[in-house]
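Shown next, in structure tokens, is the structure this report addresses.
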Amino acid sequence: MKFSKTLIRIALPLMLAVLATPSMAANRTGVGLGVAHDLGLGVTAQLRGTSIFFNSDAIAVDMRLQNFTNNLGTVHAYIDAGGFYRDGDGNGDYYQTGVRLPVGLSFGIAPSLEAYIQAVPHYGFSDVDYYEGFDVDGALGIRLRF
């Protein structure tokens, strides 16, 4: 319960600040909502080039740096930059914060449905030395666009 209150105190102002800033690159319009496996299984949202992932133990916010597309507009390659916070073991015994640089592909499955896959190199800072340092994770998800 204590972790949830702390997450809300950190996540809500962070999301509002990020959503209020303009995107750094031209990108798709509209809002996307869906599910993803990024820092565990959770919910993903995208608005004006800002992607947010959250679950009960983690939150990640990424901003679009560069967007590439094919001639048909069905496949997009992208580079994002952002940060994350996660409760390392789910019990609040240790935490990890850090910076990340997701590189991925998104595919148009239907006019309002897209799937994505990404490699996520990141550098994490932790209160436990074992969990501090550089690593590469992956993520995949699906979003319904409005």
Contacts of type side-chain contact (heavy atoms from CB on, under 4.5 Å), residue Thr97, not counting sequence neighbours: Tyr85, Tyr95, Phe125

Residues which pass side-chain contact (heavy atoms from CB on, under 4.5 Å) with Ala45, listed by chain and number, not counting sequence neighbours: Leu33

Selection residues 34-46 - residue pairs positive for salt bridge (charged side-chain N to carboxylate O under 4.0 Å, His left out), sequence neighbours left out: Asp38-Arg100

Other ILVMFWY residues reachable from Tyr78 by side-chain steps of under 4.5 Å: Tyr116

Set of residues satisfying side chain to side chain donor-acceptor pair (under 3.5 Å) with respect to Asn71, sequence neighbours excluded: none

Pairs touching residues 65-76 that satisfy salt bridge (charged side-chain N to carboxylate O under 4.0 Å, His left out), sequence neighbours left out: none

Closest non-hydrogen atom pair between Ala36 and Phe53, with its separation: O-CE1, 3.6 Å

Interatomic distance, Leu101 atom CG to Asp80 atom CG [nearest 0.5 angstrom]: 8.0 Å

Same apolar cluster: Ile52 and Phe84, side chain cutoff 4.5 Å: no

Derivation of the side-chain contact (heavy atoms from CB on, under 4.5 Å) call for Leu140 and Gln118: CA-CA 6 Å; Leu140 59 105; Gln118 60 188 19; over 6 Å; no

Nearest-0.5 Å distance, CD1 of residue Ile117 to OG of residue Ser106: 11.5 Å

Heavy-atom pair with the smallest gap, counting every atom of Leu65 and Ala81: CD1-CB, 3.6 Å

Connected via hydrophobic side-chain network under 4.5 Å: Leu47 and Val35: yes

For Ala115, all residues meeting side-chain contact (heavy atoms from CB on, under 4.5 Å), sequence neighbours excluded: Ile109

hydrophobic_cluster_shared for Val136 and Val99, side chain cutoff 4.5 Å: yes

Note, Val61 side chain near Thr50 side chain (heavy atom, < 4.5 Å): yes

Heavy-atom donor-acceptor pair, Asn55 side chain to Leu39 backbone, under 3.5 Å: yes

Side-chain H-bond candidate by donor/acceptor type, Ser51 with Gln46, under 3.5 Å: yes

Set of residues satisfying side chain to side chain donor-acceptor pair (under 3.5 Å) with respect to Asp137, sequence neighbours excluded: His122

Candidate pair Arg86 and Asp57, rule salt bridge (charged side-chain N to carboxylate O under 4.0 Å, His left out), full reasoning: CA-CA 6 Å; Arg86 69 175 153 193; Asp57 295 326; over 6 Å; no

By side-chain contact (heavy atoms from CB on, under 4.5 Å) - contacts of Ala119 (at least two apart): none

Heavy-atom closest pair, residues Leu105 and Ala77: CD2-CB, 3.7 Å

Shared hydrophobic cluster for Ile142 and Leu41 (ILVMFWY, side-chain gaps under 4.5 Å): no

Distance (rounded to the nearest 0.5 Å) between Gln96 CD and Asp135 CG: 8.0 Å

By side chain to side chain donor-acceptor pair (under 3.5 Å) - contacts of Ser112 (at least two apart): none

Distance-only side-chain donor-acceptor flag, Thr44 / Arg143, under 3.5 Å: yes

